Amino acid sequence: MTHLETRLIPTRFRPVLEAIAQASGTLSDRIRRGGEMAEAAAPSSAAAEALFTATLRGAGVRWLSTPLRPEPQALQPDGALAVALDPLEGASGIEANIPAGTIFAIFAAGDTSEASFLRPARDMLAAGYVLHGPRCCLVLSCGQGTQIHVLDPESRRFALSCERVALPSASPEFAIDAAHYRHWARPVRAYVDDCMAGAEGPRARAFSMRWTSSLTAEAHRILMRGGIFLDPAITRPGGERGRLRLLHQAAPIAFLIEQAGGRATDGALPLLDAPLTELAALSPLVFGSADKVDRVAGYHDLPEAEVSALFGHRGLFRA
């Protein structure tokens with residue numbers, strides 16, 4: 001059985017986080033062994049959901065919402081908490097040995113699932129993710145900074161390795177899926193163009209582009225090294241509201257990033273200020289070092305003529 005070091009975790013969250021840690025340890029073992037977890041994404045995600053659902057029963061969770069079900073499940077009538085959980089984010093990359101993740105958000109439970117989840121995103125009490133990579137890491141925040149716990153495969157214990165993450169600000173890295181370049185809004189294209197212009201452009205330095213199919217892996221890299229991640233809305237039909245699920249993916253990542261001293265927006269506005277109006281609501285997401293995220297928001301405030309100009313003319317954003 002997998003255990004979690006809980007000395008810095010408030011008592012009210014310990015049962016649910018211990019259950020998530022236990023299920024995550026089992027899931028990481030299954031991923032490493034292959035088999036059903038290395039098959040197509042849908043069967044893998046369904047198996048992971050069943051594992052977390054079974055483990056969370058009796059852990060004080062009244063309502064459980066996952067992307068695989070249209071309605072939340074009622075687990076424990078007297079439970080005080082509601083959990084939104086993406087059991088296996090990035091499942092499509094497992095076959096290629098790309099790290100996948102488990103993302104979760106914890107709210108106070110209401111009498112109904114709607115009252116529990118459909119509320120301001122800032123009502124979140126705690127959030128976290130588990131990165132099922134070369135090292136299995138559980139990253140969480142209960143509203144007092146972001147902690148990192150690393151699974152010891154011999155003792156089966158998630159040991160606290162960092163009490164309070166301070167997100168670095170100096171990284172020259174940015175992550176975005178360049179395949180959608182022609183569908184980005186002009187402020188996003190302008191920001192990326194200025195980064196790609198290198199030392200000769202308005203940023204006066206060289207940048208490196210990163211991208212994987214795993215949101216969790218990208219979030220962990222940025223927490224460790226700094227930089228910025230952009231998954232913006234696109235102008236192509238179906239992409240105007242973004243790609244990521246606000247409740248199960250974008251909001252909990254935003255919570256962790258803010259607790260580590262970073263920023264998270266929908267491209268222009270703070271993401272956690274967004275109301276959760278439907279379980280399957282989608283959202284753009286830009287997060288990372290505060291200065292970089294603020295710069296992207298600033299591009300949305302530029303006059304149309306300056307956003308459309310060649311990078312050399314955007315003097316407002318030099319260096």
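Worth saying up front: this structure is predicted, and the values here are computed from it rather than measured.
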Closest non-hydrogen atom pair, Leu85 against Pro67:
O-CD, 3.2 Å

Taking the six-membered ring for Trp, are Phe229 and Phe287 parallel (under 30°), tilted (30 to 60°) or perpendicular (over 60°)?
parallel

Neighbour count above 12 (heavy atom, 6.0 Å) for Arg135 CZ:
no

Using a 6.0 Å distance limit plus a 45 degree cone around the ring axis, check whether Arg205 lies over the aromatic ring of Phe207.
yes

Quick check: closest heavy atoms across Leu285 and Ala264, and the distance to 0.1 Å?
CD1-CB, 4.5 Å

Option among Arg221, His132, Gln249, Glu89 that satisfies the side-chain hydrogen bond (donor to acceptor under 3.5 Å, both in side chains) test with Thr216:
Glu89

Side-chain (Trp184) to main-chain (Ala190) donor-acceptor, under 3.5 angstrom
no

For the CG atom of Leu138 and the OG atom of Ser161, what is their distance to the nearest 0.5 Å?
10.5 Å

May I ask you to decide if Ser171's main-chain N or O and Lys292's side chain share a donor-acceptor pair within less than 3.5 Å?
yes

Is there a donor in the side chain of Thr66 and an acceptor in the side chain of Glu49, or the other way round, less than 3.5 Å apart?
yes

How many angstroms lie between atom CG of Leu4 and atom NE2 of His149, to the nearest 0.5 angstrom?
5.5 Å

In terms of the angle between their ring planes, are Phe174 and Tyr191 parallel, tilted or perpendicular, with boundaries placed at 30° and 60°?
perpendicular

